[in-house]
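A, B, ... follow the sequence lines: proteins, then strands. Residue 1 opens every chain.
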Amino acid sequence: MNSNQVLDREFLEIRAKILEVAAALDRIERAEGDVSGEPRMALIADAIKIIASGHADPIRAEKIQLLFSRTYDEQWRNEFSIASRS
Amino acid sequence: MYYIDPHLHMVSRTTDDYETLAKMGCVAISEPAFWAGFDRGSGESFRDYFRQLTEVEPKRAAQYGIQHFTWLCINAKEAENVELSREVLKIIPEFLDCPNVLGIGEIGLNKNTKNEAIIFQEHMELAIAHQQQVLIHTPHLEDKYQGTRMILDMLGEHSIDRSRVLVDHVEEHTVGPVLEAGYWAGMTLYPVTKCTPSRAVDIIERHGAERLCVNSAGDWGPSKPTAVPDLVLEMRRRGHKESLIKKVVYDNPRDFFSQSKNFNLENPAER
């Protein structure tokens with residue numbers, strides 16, 4: 001499929017998913033209390049920036065996965081006092 | 001189209017599910033040992049569970065023309081209990097010669113803790129000592145990337161043929177490192193927490209279909225045991241060739257499992 005065909009197929013789905021995200025964010029803001037300082041809200045904002053980013057490097061899904069991931073420290077064995085078996 | 005679901009927890013599903021799977025073209029299932037939704041109290045509970053996996057489920061599946069294979073271990077969540085884990089590790093060899101056992105699995109990490117890592121390594125030593133294939137669970141959500149990298153670090157310390165190891169539940173950020181290291185990779189089609197069929201097909205398009213399998217990992221939680229045909233449909237809608245679809249849902253799991261001496265798949269075309 002070319003990009004136009006993919007767009008034709010995906011447009012309504014994308015529209016619906018964006019609306020779901022917008023409505024969920026509205027729901028959070030409408031509710032009692034304030035979560036503006038919540039780290040998860042910052043993550044959501046950063047994820048939306050990734051979605052809106054340019055298309056030179058079309059790996060948005062991978063970038064968003066890494067954004068929502070705990071960091072990996074290759075020295076993790078030291079923290080656990082586990083020696084390498086090799 | 002005939003297909004194999006390489007990761008499906010049928011002990012948690014009804015017999016009706018077997019019937020539906022058979023109607024949708026499923027000819028074989030592999031069922032890794034996993035967490036029952038609660039922590040078990042003794043090694044004897046696992047002995048009963050392993051009997052269920054090696055004696056009961058193959059018969060239940062056979063009623064619908066489905067071949068049932070299995071993998072044995074103590075799962076990553078209960079591996080936090082090192083004493084219990086070592087009790088279970090001693091029981092496992094009793095079952096390795098059962099005719100439907102393919103190897104050790106699904107071992108792995110859950111919250112990426114020290115105890116989980118210790119028991120992962122002991123499972124690997126067991127697998128190597130008994131020349132078993134290995135099926136590996138990677139953690140959920142925010143723990144997946146860190147846990148997958150830790151698992152790859154630990155795997156690299158063992159002299160095991162990498163083509164006999166499958167790292168499961170890969171997603172966009174973990175599939176690359178797993179395939180590049182020479183292991184097989186599995187994608188799980190789960191609502192909300194893992195891959196959707198669309199994203200799984202995206203991953204196939206980006207990374208190719210070599211050493212890549214797809215499964216439903218249907219269990220007692222929100223999951224869909226018939227998710228693999230959803231992927232077949234998505235690939236067809238995108239215009240992929242039937243040969244490529246078959247490679248992903250039948251040839252690849254068959255080729256991976258064929259490295260186990262107990263994998264005796266009947267060719268569905270010759271039945």
Side-chain angles (χ1 to χ4, degrees), chain A residues 1-18 20-21 23-24 27 38-51 53 55-86, chain B residues 109 111-122 124-125 128 138-160 169-177 192-203 205-207 234-240:
Chain A
M1 285 195 285
N2 64 35
S3 55
N4 261 319
Q5 290 169 316
V6 177
L7 179 61
D8 286 345
R9 193 189 150 196
E10 301 284 350
F11 179 76
L12 285 178
E13 290 239 5
I14 293 171
R15 176 184 181 276
K17 287 171 185 168
I18 289 173
E20 281 296 324
V21 171
R27 211 171 298 136
E38 245 272 353
R40 286 175 296 178
M41 291 302 289
L43 281 174
I44 291 168
D46 287 346
I48 290 169
K49 279 184 205 159
I50 291 172
I51 290 173
S53 63
H55 54 74
D57 191 15
I59 53 166
R60 293 178 183 84
E62 184 176 340
K63 285 181 175 172
I64 288 172
Q65 290 275 22
L66 289 170
L67 175 73
F68 286 111
S69 296
R70 287 169 65 191
T71 53
Y72 159 71
D73 175 6
E74 60 184 29
Q75 302 302 319
W76 62 270
R77 285 187 194 79
N78 296 342
E79 186 194 335
F80 289 168
S81 304
I82 294 179
S84 167
R85 302 201 174 198
S86 54
Chain B
L109 299 177
K111 288 294 176 188
N112 308 335
T113 68
K114 177 178 179 174
N115 285 354
E116 292 168 14
I118 288 169
I119 296 304
F120 178 87
Q121 294 283 44
E122 293 185 14
M124 285 303 300
E125 286 163 1
I128 290 165
T138 53
H140 305 274
L141 301 170
E142 72 270 21
D143 297 311
K144 183 178 295 293
Y145 181 72
Q146 181 189 57
T148 304
R149 295 296 302 266
M150 288 170 66
I151 285 166
L152 293 177
D153 287 344
M154 290 189 283
L155 284 173
E157 298 169 0
H158 294 277
S159 55
I160 189 167
H169 315 316
V170 299
E171 294 181 49
E172 290 88 346
H173 55 323
T174 55
V175 63
V192 185
T193 58
K194 290 192 173 73
C195 263
T196 60
S198 295
R199 285 173 42 225
V201 179
D202 291 338
I203 289 171
E205 290 170 352
R206 281 180 54 83
H207 293 271
E234 176 64 15
M235 289 187 78
R236 282 181 180 151
R237 289 183 70 198
R238 294 194 195 183
H240 287 294

Distance-minimising heavy-atom pair for A/Thr71 and B/Gln146: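 In terms of heavy atoms, the two residues are closest at O-NE2, 3.0 Å.
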For residues B/Tyr145 and A/Arg70, report the shortest heavy-atom separation together with the two atoms involved.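 In this case the closest contact between B/Tyr145 and A/Arg70 is CD2-O, 4.2 Å.
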For A/Trp76 and B/Asn112, which I'm curious about, is there any donor-acceptor pair between the side chains at under 3.5 Å?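 No, no side-chain donor-acceptor pair sits under 3.5 Å.
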In terms of side-chain geometry, is the basic nitrogen of A/Arg9 or B/Glu234 positioned less than 4.0 Å from the acidic oxygen of its partner?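 Answer for the salt bridge query: yes.
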Taking A/Phe68's backbone N and O only, do any of them form a donor-acceptor pair with B/Glu142's side chain (distance below 3.5 Å, no angle check)?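 Answer holds: no.
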Taking atom [atom1] of [X] and atom [atom2] of [Y], what is their separation to the nearest 0.5 Å?
{"X": "A/Met1", "Y": "B/Arg237", "atom1": "CE", "atom2": "CZ", "result": "8.0 Å"}
{"X": "B/Asp153", "Y": "A/Tyr72", "atom1": "CG", "atom2": "OH", "result": "3.5 Å"}
{"X": "B/Glu157", "Y": "A/Ile82", "atom1": "CD", "atom2": "CD1", "result": "9.0 Å"}

Contact part of [X] toward chain A, heavy-atom cut-off under 4.5 Å: side chain, backbone, both or neither?
{"X": "B/Asp202", "result": "neither"}
{"X": "B/Thr113", "result": "backbone"}
{"X": "B/Glu205", "result": "neither"}
{"X": "B/Arg199", "result": "side chain"}

Among B/Lys144, B/Glu171, B/Glu172, who wins on heavy-atom pairs under 4.5 Å with chain A?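 It is B/Glu172.
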Hey, are the side chains of A/Ile59 and B/Arg206 touching, using non-hydrogen atoms and a 4.5 Å cut-off?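 Yes, close enough: below the 4.5 Å cut-off.
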